Amino acid sequence: MTGVQRMNKIISDIRETARQLLADGKVDVVIGYAKGSLPLKATPCFVHSAQEVDSLIWDETCENNLAAFVAKTPGKKAIVAKGCDSRALVVLLQENQLVRDDLYIIGVSCHGVIDQRKIGAEVGEILEASISDGKISVKGMEGDKEYLFAEVKDATCQTCRYPNPVIEDLHLGELIQVSQDVAAFADVSAMENKSESERQAYFKEQMSKCIRCYACRNACPLCYCQECFVDCNSPRWLTGGVDRAENLLFQAGRVLHLAGRCVDCGACSRACPQGVDIRALNRKMTKDVYEMYNHESGISEEGKPALNVYSANDPEEQFLVKE
Amino acid sequence: MSQNKIGSVLIVGAGIAGIQAALDLAESGYLVHLVEESSAIGGTMPMLDKTFPTNDCSMCILSPKLVECGRHLNIRTYTNSQVVKSEGEAGNFKVTIKQKARYIDLEKCTGCGACAEACPVKVDDEFNQGLGKRKAAFKQYSQAFPNAYGIDEKNCLYQTRGKAKGKDICLKCVKACQAGAIDHQMEDKEFEVEVGSMILNPGFKVFDASSLDYYGYGTIKSVITSLEFERLLSASGPFDGHLVRPFDQKEPQKIAWIQCVGSRNSKINHNYCSGVCCMYAIKEAVIAKEHSHIPVDTTIFYMDMRTPGKDFEKYYNNAKNNQGVNFIRSRVYEVTEAKDDSGDAVIRYSTEDGQICSDQFDLVVLSVGLEPGDSSKDLANMLDLKVNKYGFAELEPLSGVNTSKEGVFAAGAFSGPRDIPETVMQASAAAGAASALLSDERGTLVSEKEYPPELDVAGDVIRTGVFICHCGVNIGSVVNVPSVVEYAKTLPTVAYATDKIYACSQDAQASIKALIEEQKLNRIVVSSCSPRTHEPLFQETLKEAGLNAHLFDMANIRDQCSWVHMHEPEKATEKAKDLTKLAIVRASMQQPVQPIFMAMNHAALVIGGGVAGMTSALSLADQGYEVHLVEKDKVLGGVARRFSTGFRGEDMKAFVADLIDQVSNHPNIKLHVGVGIKDVGGFLGSFTTTLENGEQIAHGVALLTIGGQEYKPHEYLYGQDQRIMTQIEMDEALYNHDSKVENAKNFVFIQCVGSRCDENPYCSRTCCTKSVKLALKVKKKNPKANIFVLYRDMRTYGYFEEDYEEARRIGIIFVRYSENAKPVVNKEGETLVVTVTDHVLDRPLEIEADVICLAAAIKAPEDGRKLSKWFKIPLNADGFFLEAHMKLRPVDFSTDGVFMAGIAHSPKNMEEVITQAKAAAGRAGVALSKDQVESAGLNAFVNKRKCTACGTCEAVCSAKAVTVDLVNRVAVVNDALCKGCGACASSCRCGAISLRGCTNEQIVEMLNFL
Amino acid sequence: MIMEEIQVEAENKKYDPKIAAFLCNWCSYAGADLAGVGRIQYPPTIRTIRVPCSGRINPLYILKAMANGADGVLVSGCHPGDCHYISGNYVARRKFALIKSLLTYVGLEEDRVNFSWVSAAEGGRFAEVVKGVSERVGALGPNKGVFKVDDGGATDE
Amino acid sequence: MKISKVKFGQAFDALVSEYQIIAPVSDANGIAFQGVKSFSEVKQDYLNSKLPPKAFFFPQHEKLMSYKKEGKDVTVKSELKVEDTILFGIRPCDAKGMQLLDMVFKNDQYTDPYYYERREKAVIIGVACQKIAPTCFCSSFGMSPASSEGSDILFIDLGDSYEVEVITEKGKALAARFEALSELTADEQALVAKIKSAETSSKVDVSTTTSKLDKMFNSPFWDTLQEKCIGCNVCSFSCPTCHCFDISEEVRKNEGTRVRTWDGCMAPLFTLHGSGHNPRDHKKARWRQRMMHKFNYFVHNNGSMACVGCGRCIKSCPVNMDIRQVIDGANKAELVVE
């Protein structure tokens, strides 16, 4: 089978599965992806009846983490889940946000999603695009270009170690082998190795872009608080100010809340309309948690979020005051 | 026994045993008279730096108990006091106490230390083992209770030179004391108390090493005792925890410990093992390494390394394998001073194989043993108690705590050397025993304070009253108190602010009370000393004025300001203003907090009907509580039914039969025998346990006494030949006159079978003694028998050392083998041959054995895991129950209302099992004595609207007080269990759970005012 | 340039930092008391907030303290294993490690936010810790506003 | 008339001393309107800014006043700061957006001084679009890539020069500062005509939308419409006409400020009452509100739709909710007979 055929098979399997589940009354809704209104964009899609299943698609544009919708969607539901979506589902299950019996997970192995921002930066507004066997042809306002998928794979997906769902009721497509047996954090290490002032300058610049629209938070499957600390009136953790110091306070608070839980799906960064490098912060926490506590979030249902547990031997030298 | 029992108990000695017993009894409804010879309570523990095997800071874990004991309404503490006379009988004693003059009025002294500052006399500080100096006006240690100074009349200039002659010599302290607390005319007094029972725990003294001149103690400066070394390590010691040699301040790089100094020595009538020295030496060696800035080489010279306690072996292995402590099995001949003028000491010793060596050390620490204290002997004399040949009290067999006199109980080192947890266990056991004796009189003598009805301040405009204390000159001489007062007046909510010379004085309290009424104050802030010592005092004043005690906060502008910034008065004043401001902010946001009461079911459930379970059940039943005893076996008695005799020769069969008889006939005990447990739910005060037969038992507390199991050896051909048996089997064979043992000539005992190995890394504690006992039994019956005991370390701790010594004396042969050269058992035809390498002869030894007795390990009970899940209690790595605190809460679980005793906690002998069983019953009795489960109320609470039921709070709560209600999707705090640490609140991402008295709002508002 | 640096250094020395100190009630606060009893002198830079346990310290407190212009933060609790509440400081330890790491990562000067374990017996050590922290925070000069927020708006250095 | 870019540049640079000049610049994040000091900083070839220029009159975060209590004395200080401002390079959609905002902040019932005073002192130089993005749909609203509504002066880029069209009196006064204006050549006239007649290729039919919405409050259309919305504020914050705000008090110690901050109707907090009650407690109600406000209520109140077809919300939406499809959906939705 060619890549296109494989993809089409997955799509038809998704549709068939959805049709069956809905027809049998096993679920009330299937949460998957549909073709978006813009080129290279997919959009979350909620299918309520067997008649609508043909709007479901699957390809490299399916970038949203659908786990973000699951807890808020009432009834029994099926969800099309990539590796990262499934990891988020695991954390949500660990944190009592989901009832496993109400959930049917259609697992799909994922080679990664397209970083359309990168393409947009080169070709301008994208007018048309097509994907075929690992190649992406784009027609843009500033010119046309053809890419290999690997060139425009989202940064998150480049270090992904869990392309296959870690929890699922049904698997579609072939399993993907990943070579990394240990998590790679070259991006974080590179930032760590910069000087204090370089790092400060970098995050100042990033934070000055943030407009506090909270798309990052709302796109995150694990930001499900009834009331986010930024919205809390008493105490006021943050003022209403939108400036880089306040924004950093928000982002720092948020990543601390995600520390040991974040599944590194990259939804926050992709959701950000301003291109703030939010993932840089989450990745740092992910690296620390991995290195200090040998913990990766959402890879097994038995696991617990890293900050919910401790060991008497947890490292402490690096943060205790030097005497 | 007297018919007119009295509901109060006299406790002699206020070390950790006395404090624990006093707290247990006072909390269960008895008036306690606590008599302490020295000027402060605490005993030996405050002198120790860290405690094994957890390396806990001794002072840290003790000090909350000191405070609690010190301010308990029903504990009357008499310091500088001794019991001088006693008459009467169990249930009703009249005791005369003599209290020596302190010369400082406890009522007036604020503990400020001005007297000590002014006192010109410097003498050796006993608390620091003479390594430092103190004044004649002194406090033993800074956290001491009473938090008051005293004058040492033997050294005070006025007392020694002035008073008799009527001359006003010195008296600098009188001038220095702004509180007018010093009264040099104070006189000793004698008074009588009536008590129903007595608990004696006068403690121990350490062996005087100078009496053995070959150790050089007292002549060689670099030879010190282990207790002196503790003070060197201690952060509050004479060198502030800086590890140096006392005489030249040199940082030692090479330190040696010599074990058994004054222990295991029959020549000086110290033929017992002090039990604690091996562990403390290892601990000191490890801590020394951690403590020092430079690498330290540590060596321990020992005969047998005796680490048979819970988790001790692990500690020892860690020291040996990971920390690099050297262990040399040896016999030390002498310690001499190095010839090179370095001040060092040289140890001459012989190793196991007979080589004689010597080595030079910067510091030599003598691991001195424990012996009866001087006052112990007087006390035993006065009360006419039986003592053993060493002078320790002799307890009634298999009683754990009973002295030879009815109604008089003992705890701690009074009856022999023991470590802290054993001491604490005995104290709780003694308290339980006293409580059982006096149960009819519970609650008759205790008092409860009454307060005016509480004012409702809800919705009132906040009017904060601020009181800034001068503390004489302590604060006032550094901080500009009036300017702090003026500043306070400008702050939000402050309706009134003033200064006080001593805010804690009686008249100041009266004035605060009056001002609360006059000025309609509804929040109070006191800026003075530490809330840790004084908060309860001021809160008391609030309550007396009708205000809720929590409408209050303190700023510590003395201990944490004026005293530590003495040379920067301006900055100190600024800081005092800021600290006062923060306290005002916090206080203004305080809300009344009411204690929370929950129902208390007064029945106990005991799980496991062995000796531990039956003993606990009886003790609780005698204390007057209904007890359900559940045993899954068809018969009671547990493993003890298979034992013939106890370690002191007691008839175990008769003992167990008697116990079964007692529990079967006790009106308060309901037996559930032959039935297991299906499920457990609930918490302190209201547990419900479902038995396998469907029966449900409601109970307020649970005691887990499920015993252990004998290791089934898969080594040494066990199971392949009837002549190879475990200790229990051999005991049975001897008891039954089995021909296998009756006719045997050659006996080989192999120790550490399944213990101290990879599979079970701990020591099973009892097997060395058991083997020695069995060997003695055989040898005495058949003197011609050849008996070999193959061992790794002979761990005949305590008085069992006598048996070991006797065994060697009468010709039982002890052969040591090492871990990596274990004995080998072969069967050559019908002959059993044991081969072992003898370390002394350094060659293999072959023994033809008629009987091989294997010292099989004691393993954790199988059911531990189930109970662990049901009761939310932890197990240690070896599967034994893990207590709430290894030192101070040895029978409690971290889950309130659940207690443990016996083998399920860790291997131990019968006497120890009984002590622990009584201790568990004592602790359980404290809980059961309450009408209701009460919590202070400074608990976590949940905002249901914000809660997402994520379970983080539940995961981080060590008290198991928070659970998620998945039906209503909200976290629920169990007020009976919540300890108020706030880990849940700081872990809650959505801000749904917070802590009363320390809310996010309060902290953030304080930060806003920073 | 060098002259300027020297001058800046000299000016920084004159300045007294204000450090928010979160101390656990059972160990570090007691250790601070003990320093007082021993009259061990240390700089008057800390403003203590007493909390029941280091486990009570929400990482947001540290951010908030920095946002409110504290020049430094000191958090101190019982040594691991000594926690009055059994495991409060173990739970806190992971949070502390992460927040410290994160703050350093985003460019907050490493010495601004400090963590230590001080026992009830370590009065001298408490003073040493405060001395060390004060010196290092002092050397950094006032809060430069990586997080500092003033009246709802940021102050840039 | 036209002005050469060189001459305009000189005039521009001269005006810097008198005016705060806001113009499009290129930064790491794309195009943004920022204060500039020289014409050379201005980005010439651009589609439109990432965020709308409304923030210059209606900042995302604005101190309204500050106050302080010392002892018994209370001092209150206004925080309004106004400067003469030129906004250069505003696209017709955004200029129109500004006009719509004027209706909100200055009307017969209320005049917001913070908005109004800044708006009064500002001159808008619009620049017509020559490139049209696939998300642009201004032609749906009777506008075009070169329409002049809302601009005081409209420029059309002719390469080396701009065609200058003075629209208002304010524009006239400013245009008087331009020198060396000249007539357009025939080619240029043709180019201008072409640009002026251009339309966006994307268009939605809004002719019946308002009246349809009148009857749609209880339509099932809203039930599923919002399912994929994550409730962020990207659409509101990137919209040139969205104008909802929150006023809060930032109090510390004895002083405080009153601040106004953008708010967005997609967030549940927007309508949360102090009591805990939330009249729009579901995304369904929030999405209905968004649509009603833009295409119905605003029309009834101000006679115009509150959408200018700039397409920013379409581009920025993290889940690709496309307002064109939503309008379309509403147009086609079945009505529920009540």
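Worth saying up front: this structure is predicted, and the values here are computed from it rather than measured.
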Applying a strict 4.5 Å limit to non-hydrogen atoms, the region of A/Val255 in contact with chain C is side chain

Could you check if a side-chain atom of A/Glu323 sits within less than 4.5 angstrom of a side-chain atom of C/Arg125, using non-hydrogen atoms only?
yes

Bottom line for C/Thr104: the part with an atom under 4.5 Å from chain A's heavy atoms is both

Flag the pair A/Met207 / C/Val146 as yes when at least one side-chain heavy-atom distance between them is below 4.5 Å, and no otherwise.
no

Mind checking whether C/Asn58 and A/Phe229 have side chains closer than 4.5 Å, heavy atoms only?
no

With a 4.5 Å cut-off on heavy-atom pairs, point out which of C/Ala97, C/Pro80, C/Gly81 contacts chain A the most.
C/Ala97

Counting heavy-atom pairs under 4.5 Å with chain C, which one of A/Val309, A/Asn308, A/Asn247, A/Val289 comes out on top?
A/Val309

Can you tell me which portion of A/Asn313 sits under 4.5 Å from chain C's heavy atoms? Options are side chain, backbone, both or neither.
backbone

Leading residue by heavy atom contact count with chain A [cutoff under 4.5 Å; candidates C/Leu98, C/Asn114, C/Leu74, C/Ile99]
C/Leu98

Give, as side chain, backbone, both or neither, the part of A/Tyr202 having an atom under 4.5 angstrom from any heavy atom of chain C.
neither

Between C/Leu63 and A/Ala252 the two heavy atoms that sit nearest each other are CD1-CB, 4.1 Å

For C/Asn89, which atoms come within 4.5 Å of any heavy atom of chain A: side chain, backbone, both, or neither?
neither

Please indicate whether A/Lys304 has more than 12 foreign heavy atoms, meaning atoms of other residues, nucleotides or ligands, lying under 6.0 Å from its NZ.
no

With a 4.5 Å cut-off on heavy-atom pairs, point out which of C/Glu128, C/Glu109, C/Glu110 contacts chain A the most.
C/Glu109

Could you tell me which non-hydrogen atom of C/Arg94 sits nearest to which non-hydrogen atom of A/Asp314, and how far apart they are?
NE-OD2, 2.8 Å

Identify which of C/Ser101, C/Pro59, C/Ser116 forms the greatest number of heavy-atom pairs closer than 4.5 Å to chain A.
C/Ser101

How are the rings of C/Tyr90 and A/Tyr310 set relative to one another: parallel (under 30°), tilted (30 to 60°) or perpendicular (over 60°)?
parallel

Between the side chain of A/Lys322 and the main-chain N/O of C/Gly132, is any donor-acceptor distance below 3.5 Å?
no

Could you tell me which residues in residues 277-285 of chain A have at least one non-hydrogen atom under 4.5 Å from a non-hydrogen atom of chain C, sorted by residue number?
A/Ala280, A/Leu281, A/Lys284, A/Met285

Interatomic spacing from CG in C/Leu102 to CG in A/Asp288 - rounded to 0.5 Å
8.5 Å

Find the one option among A/Gln318, A/Met292, A/Gln206 whose heavy-atom pairs under 4.5 Å with chain C are most numerous.
A/Met292

Parallel under 30°, tilted from 30 to 60°, perpendicular over 60°: which one fits the rings of C/Phe115 and A/Phe319?
perpendicular

Need one label for A/Glu196: side chain, backbone, both or neither, based on atoms under 4.5 Å from any heavy atom in chain C.
both

Output the distance between atom CG (A/Leu320) and atom NZ (C/Lys100), rounded to the nearest 0.5 Å.
9.5 Å

In terms of heavy-atom contacts, A/Val321 and C/Arg136 come closest through CG2-NH2, 2.8 Å

Nearest heavy-atom neighbours spanning A/Ala245 and C/Gly145
CB-O, 4.1 Å

Starting at OH of C/Tyr105, measure out to CD of A/Gln200 and round the result to the nearest 0.5 Å.
14.5 Å

Can you tell which part of C/Leu108 gets under 4.5 Å to a heavy atom of chain A, answering side chain, backbone, both or neither?
backbone

Taking C/Arg93 for its side chain and A/Ala312 for its backbone only, find out whether a donor-acceptor pair lies under 3.5 Å.
yes

Decide if atom CG of A/Asn294 counts as having more than 12 heavy atoms of other residues, nucleotides or ligands within a radius under 6.0 Å.
no

Residue part contacting chain A, namely of C/Val129, when any heavy atom lies under 4.5 Å:
side chain

Taking the side chain as every heavy atom from C-beta outward, state whether C/Val106 and A/Gln251 have any atom pair closer than 4.5 Å.
no

Residue among A/Ser195, A/Pro235, A/Ser311, A/Ala201 with most heavy-atom pairs under 4.5 Å to chain C
A/Ser311

Please classify the contact of C/Val133 with chain A as side chain, backbone, both or neither, using a heavy-atom distance under 4.5 Å.
side chain

